[in-house]
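Notes follow the structure.
Below, read A as the first sequence line, B as the second, and so on, with proteins coming before strands; counting in each chain starts at 1.
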Protein chains: 2
Amino acid sequence: MASRTIENYLKQLWLLEHAVRKPTSGAGRSTGNFVTMGQLSESMGVTPGTTTTMVKAMADAGLARYTPRAGVRLTRAGEKLALHVLRRHRLVELFLVEILAIDWAHAHEEAEELEHVISDTVLLAIDRLLGHPSADPHGDPIPSEAGMPEIQNASNLAEMKGGTEAVIVRIMDQSREFLTFARQNGLVPRAAITIAHINPGAGAMLVHPRGHSPVSVSLAVAAKFMISTKSTEESKTAHRPVAKRRAHRKPSPDA
Amino acid sequence: MASRTIENYLKQLWLLEHAVRKPTSGAGRSTGNFVTMGQLSESMGVTPGTTTTMVKAMADAGLARYTPRAGVRLTRAGEKLALHVLRRHRLVELFLVEILAIDWAHAHEEAEELEHVISDTVLLAIDRLLGHPSADPHGDPIPSEAGMPEIQNASNLAEMKGGTEAVIVRIMDQSREFLTFARQNGLVPRAAITIAHINPGAGAMLVHPRGHSPVSVSLAVAAKFMISTKSTEESKTAHRPVAKRRAHRKPSPDA
DNA sequence: GTGTTGAGTTTGATTGATCAAATGAAATCG
DNA sequence: CGATTTCATTTGATCAATCAAACTCAACAC
Ligand SMILES: [Mn+2]
Ligand SMILES: [Mn+2]
Ligand SMILES: [Mn+2]
Ligand SMILES: [Mn+2]
């Protein structure tokens with residue numbers, strides 16, 4: 001039904017609606033915020049006029065509500081489709097990394113294409129092969145058929161106090177450089193870490209990932225890691241241990 | 001470079017150029033025959049006018065030589081691209097059947113989309129995972145980077161004499177019904193068979209696939225199986241034994 | 001040879017996605 | 001408030017792929 005272009009707009013729209021405004025403010029989820037035309041055209045890499053055209057088309061298709069000169073917002077139908085695309089994207093991404101040993105960064109670009117071409121049959125097979133995973137290689141949650149899972153009880157590393165032991169569950173910055181840094185220092189999803197100590201004056205903390213050397217990171221950088229502590233550990237999300245991943249190199253944006 | 005539409009035209013063109021005119025005439029390969037506009041538009045499922053337009057575009061792109069009112073033929077560049085698409089198609093098809101256990105017939109339709117979206121990186125990973133296979137699930141040869149492998153020393157089942165022992169290497173009819181019949185009777189690629197006896201008067205032969213009941217097939221049907229006999233066995237093509245395939249059901253056309 | 005026919009080509013239109021440039025509305029600043 | 005800046009919408013084009021319908025060849029039939 002929806003063209004692959006529309007699928008891309010929908011997915012991006014969902015991500016923008018649920019984007020955390022201040023990166024340090026933690027899980028600012030909820031039920032979909034307004035998105036301005038500027039944001040959308042910017043992140044889709046098209047001219048504003050194109051966005052207006054496409055948004056109107058989505059509105060006509062019942063996928064979005066559009067208020068001229070104000071912004072857009074997905075309808076329930078639009079959100080459903082968006083999440084389906086996101087599910088395909090993230091499952092494919094994990095599949096590429098786990099099964100085909102494709103480079104972490106590269107996987108995103110591949111998935112960007114594959115997400116539009118994976119049938120339900122193949123998606124099911126991939127999901128089965130991976131053991132019904134709940135998160136992609138960056139720890140981003142994989143929407144189920146039912147929708148996006150409620151955000152896990154994850155905390156922000158930057159807000160923890162010294163001595164805390166935790167497990168990294170998600171990386172909020174997917175830029176090439178950042179992911180390279182993170183991987184090289186053992187700061188990857190599922191890694192167990194200890195907060196060695198904090199130096200508020202310097203605006204930095206010393207993090208010790210098990211099996212790696214301690215790393216000193218600024219609080220700004222720390223804020224890019226979502227972690228799960230002992231207390232939040234008993235959430236229901238099935239944390240199936242995936243086969244070890246390898247060959248992470250350059251990261252990549254969103255989704 | 002070439003759009004996915006062009007890729008489809010190129011692939012189809014290659015298949016038409018190398019189509020065996022009389023199905024029973026065996027390996028009628030060689031270096032690319034003329035294709036009429038009618039054949040192409042027919043098999044692409046578009047109107048003749050569309051074909052003319054697209055063929056001109058391909059000619060402009062240096063992918064085909066076009067003689068108005070006569071026909072088309074791939075250039076070397078066109079053939080190279082066509083074979084690359086075919087390689088992706090067939091590797092993906094095998095991948096779907098072997099790794100994801102997707103239904104045999106369904107796999108073709110999936111591959112028809114995926115073939116346009118698989119990067120070299122992913123293709124390489126798939127090829128490695130499958131152990132550099134030389135044939136797809138129907139026994140159709142998988143082109144290498146270098147081009148289409150020279151046709152194996154395969155013979156046509158219809159031309160064999162009683163008592164012959166052989167291995168099925170390829171199935172030339174990919175229609176739903178035919179493949180269903182073939183699978184149900186154990187007449188699949190790599191199956192060892194014996195020609196129990198021949199009844200020329202009835203225009204039929206009795207074929208005995210190892211581990212299955214003997215089947216009586218007409219010579220016309222027999223002609224759809226390419227086989228390899230003891231003598232032709234020592235060809236160089238690496239016949240790596242693939243994990244057993246399962247869940248074959250409805251087949252599908254070409255490629 | 002002139003007519004009929006069938007295959008192939010042209011022409012004109014359409015659809016989806018896009019841009020550049022012109023225009024319009026709103027917010028902000030002095 | 002009025003002017004300027006910013007953001008968004010319109011308008012007019014373009015490009016790829018397609019169709020329907022009109023037209024043109026060339027072969028074959030008499
Ligand atoms: Mn995409
Ligand atoms: Mn991701
Ligand atoms: Mn295709
Ligand atoms: Mn095939």
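B:Thr36 comes within 4.0 angstrom of the backbone, heavy atoms only, and of no base. Contact annotation for B:Gly38: backbone-only contact, meaning every heavy-atom pair under 4.0 Å involves sugar-phosphate atoms and none involves a base. At the heavy-atom level, A:Thr51 lies nowhere under 4.0 Å from the strands shown.
Following rounding to the nearest Å, A:Phe34 (CZ) and D:dA8 (C1') show an atom-to-atom distance of 14 Å. Here the C1' atom of nucleotide D:dA16 and the CG atom of B:Leu63 are 15 Å apart, to the nearest Å. For the pair A:His116 NE2 and C:dG16 P, the computed distance is 18 Å after rounding to whole Å. Note: CE (A:Met58) to C1' (C:dG16) measures 13 Å, nearest angstrom. Following rounding to the nearest Å, A:Met44 (CE) and D:dA8 (P) show an atom-to-atom distance of 16 Å. The CE atom of A:Met54 sits 7 Å away from the C1' atom of C:dG16 (whole-angstrom rounding).
When the side-chain hydrogen bond (donor to acceptor under 3.5 Å, both in side chains) test is applied to B:Arg90, no partner is found at least two apart in sequence or on another chain.
Take the nearest nucleotide of DNA chain C for B:Gln39 and for A:Tyr9: the residue whose nucleotide is more 5' is B:Gln39.
Of the candidates D:dT10, C:dA17, C:dG8, the closest approach to any side-chain atom of A:Lys56 belongs to D:dT10. When distances run from any side-chain atom of B:Arg69 to the nucleotides D:dT10, D:dA17, D:dA26, the shortest one goes to D:dA26. Looking at the side chain of A:Tyr66, the nearest of the listed nucleotides C:dT18, D:dT9, D:dT18 is D:dT9. When distances are taken from the side chain of A:Met37 to each of D:dC19, D:dA8, C:dT18, the shortest belongs to D:dA8. Comparing atom distances between the A:Thr52 side chain and each of D:dA16, C:dA17, D:dT9 picks out D:dT9 as nearest. Of the listed nucleotides (D:dT9, C:dA17, D:dT18), C:dA17 has the atom at the smallest distance from the side chain of A:Ile6. In this structure, of D:dA20, D:dA16, C:dT18, it is D:dA20 that holds the atom nearest to the side chain of B:Thr47.
Put simply, the residue from B:Lys11, B:Arg88, B:Arg87 that forms a salt bridge (Lys or Arg N to Asp or Glu O under 4.0 Å) with B:Glu115 is B:Lys11.
Using cut-offs of 30° and 60° on the angle between ring planes, the pair B:Trp14 and B:His18 is parallel.
Taking only side-chain nitrogens and oxygens, B:Thr53 never comes nearer than 4.0 Å to OP1 or OP2 of D:dA17. Remark: B:Thr5 is in phosphate contact with D:dA17, judged by side-chain N or O atoms under 4.0 Å from OP1 or OP2.
A centroid separation of less than 6.0 Å is found between the aromatic rings of A:His89 and A:His108.
No side-chain donor from either of A:Thr50 and A:Thr53 sits under 3.5 Å from a side-chain acceptor of the other.
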